[in-house]
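What follows is a single structure, written as structure tokens, with notes after it.
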Amino acid sequence: MTFYELLVFIHVFSAILGMGPGFVMIYIVTKATTMTELKHAYIIRNRLHIFVMVGGTLLLITGLLMGYLQPYLFAQGWYVTSLVLYLIALGFGPTVLLPRSKPIKAILMEHNGDEIPADYFILSKKLFFFERIENVIFLIVIALMILKPF
């Protein structure tokens, strides 16, 4: 196995490890019916997010290393488009998702009682809208990586 083939292996494995859990993070918390369940669901979500961060970082590093080893990739439309879309999706975290998740975290920390407050549903709907956009971007990246259409 060449070093490049090893990078491809790590890249694909990282996609499964990092992106797979990312696609179910919304679903985990939307099924909670009480505040206790919701808090537990967010604990699970946060644990899964570690896999998303590690896998996502490895994806970027291995993708760039493959481009470094095979510079012709930077002339391939699918590669450049995938890279740009991936960077946009990564930028969603600190710029779009984090500001929308902070009020939700505050509700989880401060709310007493087992009934989920109405404010949570309003805030989570906005957060999940942008998470779904990010998921669509990742699906497009995956499709580009598989099909290499241009």
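A quick note: this is a predicted structure, and the numbers were derived from the prediction, not measured.
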- NE2-CG distance between His111 and Leu38, expressed to the nearest 0.5 angstrom: 9.5 Å
- Query: Transitively linked via ILVMFWY side-chain contacts under 4.5 Å: Leu123 with Tyr27?
  - Reply: no
- Query: Atom CD1 in Ile43, atom CG in Leu48: separation rounded to 0.5 Å?
  - Reply: 12.5 Å
- Item | Contacts of Asp114 that satisfy side chain to side chain contact (heavy atoms under 4.5 Å, CB included) - sequence neighbours left out | Thr34, Met35, Thr36
- Are Phe13 and Tyr4 connected in the hydrophobic side-chain network, where two residues link if heavy atoms are under 4.5 Å apart? no
- Applying side-chain contact (heavy atoms from CB on, under 4.5 Å), run through Tyr120 and Val29 and close with a yes or a no. CA-CA 11 Å; Tyr120 167 78; Val29 295; 4.2 Å; yes
- Message: Before you tell me yes or no, could you show the steps for Tyr42 and Ile104 under side-chain contact (heavy atoms from CB on, under 4.5 Å), namely the whole-Å CA-CA distance, both residues' side-chain angles and the distance that decides it to 0.1 Å?
- Response: CA-CA 10 Å; Tyr42 270 93; Ile104 292 172; 3.6 Å; yes
I'd like a table of donor-acceptor pairs (distance under 3.5 Å, sequence neighbours excluded) in which one partner is a side-chain atom from residues 50-65, with atom names and distances.
unit_1, atom_1, unit_2, atom_2, d
Thr57, OG1, Met53, O, 2.8
Thr62, OG1, His11, ND1, 2.8
Thr62, OG1, Leu58, O, 2.7
Thr62, OG1, Leu59, O, 3.2

- Note on the structure: Rounding to 0.5 Å, atoms CD1 (Ile44) and CZ (Arg47) come to a distance of 7.5 Å
- When you measure from the side chain of Glu5 to the backbone N and O of Thr2, does any donor-acceptor pair fall under 3.5 Å? yes
- Which atom names give the shortest non-hydrogen contact between Pro103 and Pro99, and what distance separates them? CD-O, 3.2 Å
Only pairs under 3.5 Å count here: list side-chain donor-acceptor contacts from residues 126-142, not counting sequence neighbours, and write none if there are none.
unit_1, atom_1, unit_2, atom_2, d
Glu131, OE1, Arg45, NH1, 3.3
Glu131, OE1, Arg45, NH2, 3.2
Glu131, OE2, Arg45, NH2, 2.2

- Task: Spell out, yes or no, whether Leu83 and Leu147 are grouped together once hydrophobic residues are joined by side-chain heavy atoms under 4.5 Å, including indirect joins.
- Result: yes
- Message: Can you tell me how far apart OG (Ser14) and CZ (Phe9) are? Round to the nearest 0.5 Å.
- Response: 9.0 Å
- Are Phe150 and Leu144 close enough that some pair of their side-chain heavy atoms sits under 4.5 Å apart? yes
- Pairwise side-chain contact, Met25 with His49, heavy-atom cut-off 4.5 Å (strictly under): yes
- Task: Treating Ile, Leu, Val, Met, Phe, Trp and Tyr as nodes and any side-chain heavy-atom pair under 4.5 angstrom as an edge, say whether Tyr72 and Tyr79 lie in one connected cluster.
- Result: yes
- Can you get from Phe74 to Met145 by hopping between Ile, Leu, Val, Met, Phe, Trp and Tyr side chains that sit under 4.5 Å apart? yes
- Message: Counting only heavy atoms from other residues, nucleotides and ligands, does the tally under 6.0 Å from NZ of Lys148 exceed 12?
- Response: yes
- Item | Exercise: identify the closest heavy-atom pair between Pro117 and Phe121 | O-CD1, 3.5 Å
- Any chance you could measure Met66, atom CE, to Ile10, atom CD1, to the nearest 0.5 Å? 9.5 Å
